[in-house]
2 protein chains.
Amino acid sequence: MPKRVDHAQRRTEIAEALVQAAGRHGLHAVGMRDVAAEAGVSLRLVQYYFESKEKLLLFGLRHLAGKFGERVTARVSAAGDDPGPRAVIEALLTAALPVDEESRLFHQLFTSYAVLSVTDEALAAQPFITDPDAAESTLTALLHQAADTGLLQADVDVHAEAVGLLAMSAGLGTSVLVGQRDAQSATTVLRYHLDRIFQT
Amino acid sequence: MPKRVDHAQRRTEIAEALVQAAGRHGLHAVGMRDVAAEAGVSLRLVQYYFESKEKLLLFGLRHLAGKFGERVTARVSAAGDDPGPRAVIEALLTAALPVDEESRLFHQLFTSYAVLSVTDEALAAQPFITDPDAAESTLTALLHQAADTGLLQADVDVHAEAVGLLAMSAGLGTSVLVGQRDAQSATTVLRYHLDRIFQT
DNA sequence: ACGTTTGTGGTACGTTCGTATCACAAAGAC
DNA sequence: GTCTTTGTGATACGAACGTACCACAAACGT
């Protein structure tokens with residue numbers, strides 16, 4: 001009974017199924033059949049909407065990146081209307097921390113994709129450079145803004161802080177992911193480091 | 001012509017072959033046959049010295065962790081005899097950065113193992129908690145030592161700095177690994193952050 | 001000297017994977 | 001009202017994977 005179908009939506013549903021299945025058994029272990037079962041469709045349909053597994057994986061990565069972007073902007077705007085730079089920066093940095101199941105998935109799968117991209121050149125061309133670069137320039141701009149308003153201490157190197165804080169956030173996220181630390185203490189550490197560069 | 005063989009050494013050789021093969025095509029893509037070929041032995045022998053692939057992977061992880069530990073202590077002692085805490089800390093933090101091919105491999109495979117450990121409980125019991133915890137307490141002790149000698153600024157929270165710096169080092173390592181940043185600039189960022197907590 | 005252990009090769013088995021093929025029904029085009 | 005496109009199912013195929021099995025020779029124990 002083939003009604004006309006919205007390809008974009010179907011692809012999104014399947015990509016979401018990929019994400020869920022990958023979350024349970026790991027991205028490396030997920031196959032076309034698992035994705036099909038998770039999405040409640042036949043193997044053939046996964047093949048139909050994505051010609052190959054590689055295409056599926058690439059789309060899954062972009063899907064994940066998109067959802068993550070939405071999450072970050074949602075977090076930032078939840079910081080209130082016209083929040084100070086400090087609040088925005090804090091929202092930005094803590095958005096990457098695995099505090100709930102959704103962000104755990106993000107972190108886990110992004111890391112999986114990132115490490116895959118080291119040996120897979122098709123993946124290497126994907127958002128692993130552009131997205132962090134965007135985050136870096138956004139954060140740099142926010143810090144500059146804070147510096148201009150006199151909110152920052154005088155001797156801070158804005159760029160070095162942006163790079164360092166993002167790296168710290170990512171590193172803390174990983175340590176939370178593997179269970180070494182809980183999200184609460186990671187947030188505390190992040191806040192401490194922000195306190196140290198902002199004017200008291 | 002079976003001469004008596006040193007099992008420990010043979011296992012180490014095979015584990016090293018695993019590391020090399022995994023570095024080329026990714027840990028997820030490495031099979032027993034690849035390891036055998038890389039080590040220049042037959043598939044049967046890999047089976048003989050490691051009963052299963054899982055055992056091989058576990059041993060490979062421990063092998064990697066061991067080599068990394070050696071590398072760190074080598075780096076630290078290369079900082080000179082009786083170096084200041086600052087030099088030791090810098091050596092510690094920069095040892096994790098992918099500056100050469102060997103450390104690139106470390107970082108790539110450790111990350112692979114770490115993300116595997118999220119969904120594989122046999123791997124989760126491995127050094128992903130104890131090793132970073134050891135690094136954390138070592139770094140905390142070094143910072144305390146520096147604080148007691150008046151080398152640190154007065155208002156630094158030693159534990160929060162230790163956690164933050166280690167996370168930053170790991171995060172910077174990943175960004176170097178995926179090619180977003182080069183090792184030089186990562187080192188610069190790390191040094192800047194050390195400069196900010198040490199007394200001028 | 002003989003029997004047992006130890007190291008090694010070759011190879012076969014069952015499974016799973018990604019992909020390809022064949023068939024066919026419902027919906028739109030004209 | 002045909003005819004073509006579009007969506008879907010079932011299934012087959014070849015490759016690769018981890019593992020198991022069989023055979024055998026060198027070394028060691030006694």
Side-chain angles (χ1 to χ4, degrees), chain A residues 1-61 109 112-113 116 119-123, chain B residues 1-61 109 112-113 116 119-123:
Chain A
M1 48 285 269
K3 283 193 226 163
R4 221 39 167 280
V5 131
D6 182 349
H7 271 227
Q9 179 190 337
R10 198 66 97 113
R11 284 164 64 91
T12 302
E13 288 171 12
I14 296 179
E16 190 59 29
L18 164 68
V19 167
Q20 296 300 324
R24 264 200 304 283
H25 304 106
L27 187 62
H28 69 287
V30 97
M32 306 282 278
R33 288 167 177 83
D34 304 86
V35 175
E38 179 77 28
V41 301
S42 74
L43 167 62
R44 179 67 182 89
L45 279 209
V46 181
Q47 279 189 271
Y48 182 69
Y49 289 101
F50 301 91
E51 299 172 22
S52 68
K53 185 183 185 182
E54 187 181 33
K55 300 255 182 71
L56 170 60
L57 286 178
L58 287 176
F59 187 87
L61 173 56
L109 298 187
S112 299
Y113 273 115
L116 279 188
T119 48
D120 184 323
E121 55 183 37
L123 242 38
Chain B
M1 47 282 271
K3 280 193 228 164
R4 218 42 164 278
V5 133
D6 182 347
H7 272 225
Q9 179 190 336
R10 196 66 93 113
R11 286 164 61 90
T12 301
E13 288 171 11
I14 296 179
E16 190 58 31
L18 164 68
V19 167
Q20 296 300 325
R24 264 201 304 282
H25 304 106
L27 186 62
H28 69 287
V30 159
M32 306 282 277
R33 287 166 176 85
D34 304 86
V35 175
E38 179 77 28
V41 301
S42 73
L43 168 62
R44 179 68 181 88
L45 278 209
V46 180
Q47 281 189 267
Y48 182 70
Y49 289 100
F50 301 92
E51 300 172 22
S52 67
K53 187 184 184 182
E54 185 180 32
K55 299 255 181 71
L56 170 59
L57 285 179
L58 288 175
F59 187 87
L61 173 56
L109 298 187
S112 298
Y113 273 115
L116 279 189
T119 48
D120 184 324
E121 57 183 36
L123 241 38

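Sequence lines set the chain letters: A, B, ... in the order given, protein chains first and strands last, and positions in each chain run from 1. Only this structure's heavy atoms are used, side chains among them; waters, hydrogens and symmetry mates stay out.
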- Task: Look at the side-chain N and O atoms of B:His7 and state whether any lies under 4.0 Å from the OP1 or OP2 oxygen of C:dT6.
- Result: no
- Calculate the interatomic distance between B:Lys55 atom NZ and D:dG18 atom P; express it in whole Å. 15 Å
- Query: Does A:Leu57 have any side chain to side chain contact (heavy atoms under 4.5 Å, CB included) partners at least two apart in sequence or in another chain, and if so, which?
  - Reply: A:Leu18, A:Leu27, A:Lys53, A:Tyr113
- Is the side chain of B:Arg11 donor-acceptor paired with the backbone N or O of B:Tyr49 at a distance under 3.5 Å, no angle test? yes
- Task: Have a look at B:Phe50 and say if it touches a base, only the backbone sugar-phosphate, or nothing, with a 4.0 Å heavy-atom cut-off.
- Result: nothing
- Task: Kindly write out the residues that satisfy side chain to side chain contact (heavy atoms under 4.5 Å, CB included) with A:Ala37, not counting sequence neighbours, or none if the list is empty.
- Result: none
- Only counting residues at least two apart or in another chain, list the ones meeting salt bridge (Lys or Arg N to Asp or Glu O under 4.0 Å) with B:Glu51. B:Lys55
- Message: Taking 4.0 Å as the cut-off, does a side-chain nitrogen or oxygen of A:Ser42 come that near to OP1 or OP2 on D:dG9?
- Response: yes
All N/O pairs under 3.5 Å across the protein-nucleotides 19-23 of chain D interface:
residue	atom	partner	partner atom	Å
D:dT19	OP2	B:Lys53	N	2.9
D:dA20	N7	B:Gln47	NE2	3.0
D:dA20	N6	B:Gln47	OE1	2.9
D:dC21	N4	B:Arg44	NE	3.2

- Could you check how far OH of A:Tyr48 sits from C1' of C:dC24, rounded to whole Å? 14 Å
Between protein and nucleic acid, restricted to nucleotides 28-30 of chain D and to nitrogen or oxygen atoms under 3.5 Å apart, what atom pairs and distances do you find?
none

- Query: Once you round it to whole Å, what is the distance between P of D:dC17 and NE2 of B:His25?
  - Reply: 11 Å
- Item | Residue pair A:Val30 / A:Ala21: nearest heavy atoms and the distance that separates them | CG2-CB, 3.4 Å
- Message: Just N and O in the side chain of A:Arg10: are any of them under 4.0 Å from OP1 or OP2 of D:dT8?
- Response: yes
- Message: Testing the basics here: between B:Leu109 and B:Ala22, what is the closest heavy-atom pair and its distance to 0.1 Å?
- Response: CD2-CB, 3.7 Å
- Item | Pairs meeting criterion side chain to side chain donor-acceptor pair (under 3.5 Å) with involvement of residues 12-27 of chain A, two or more places apart | A:Gln9-A:Glu13, A:Glu16-A:Gln20, A:Glu16-A:His63, A:Glu16-A:Lys67, A:Arg24-A:Glu38
- Query: Does the side chain of A:Tyr49 get closer than 4.0 angstrom to OP1 or OP2 of D:dG7 through an N or O atom?
  - Reply: no
- Of all heavy-atom pairs between A:Met32 and A:Ser52, which one has the smallest distance, and what is that distance? CE-C, 4.4 Å
- Note on the structure: On a heavy-atom basis, the closest approach of A:Ile14 and A:Leu45 is CD1-O, 4.4 Å
- Query: What is the distance, rounded to the nearest whole Å, between atom NE2 of B:His28 and atom P of D:dC17?
  - Reply: 12 Å
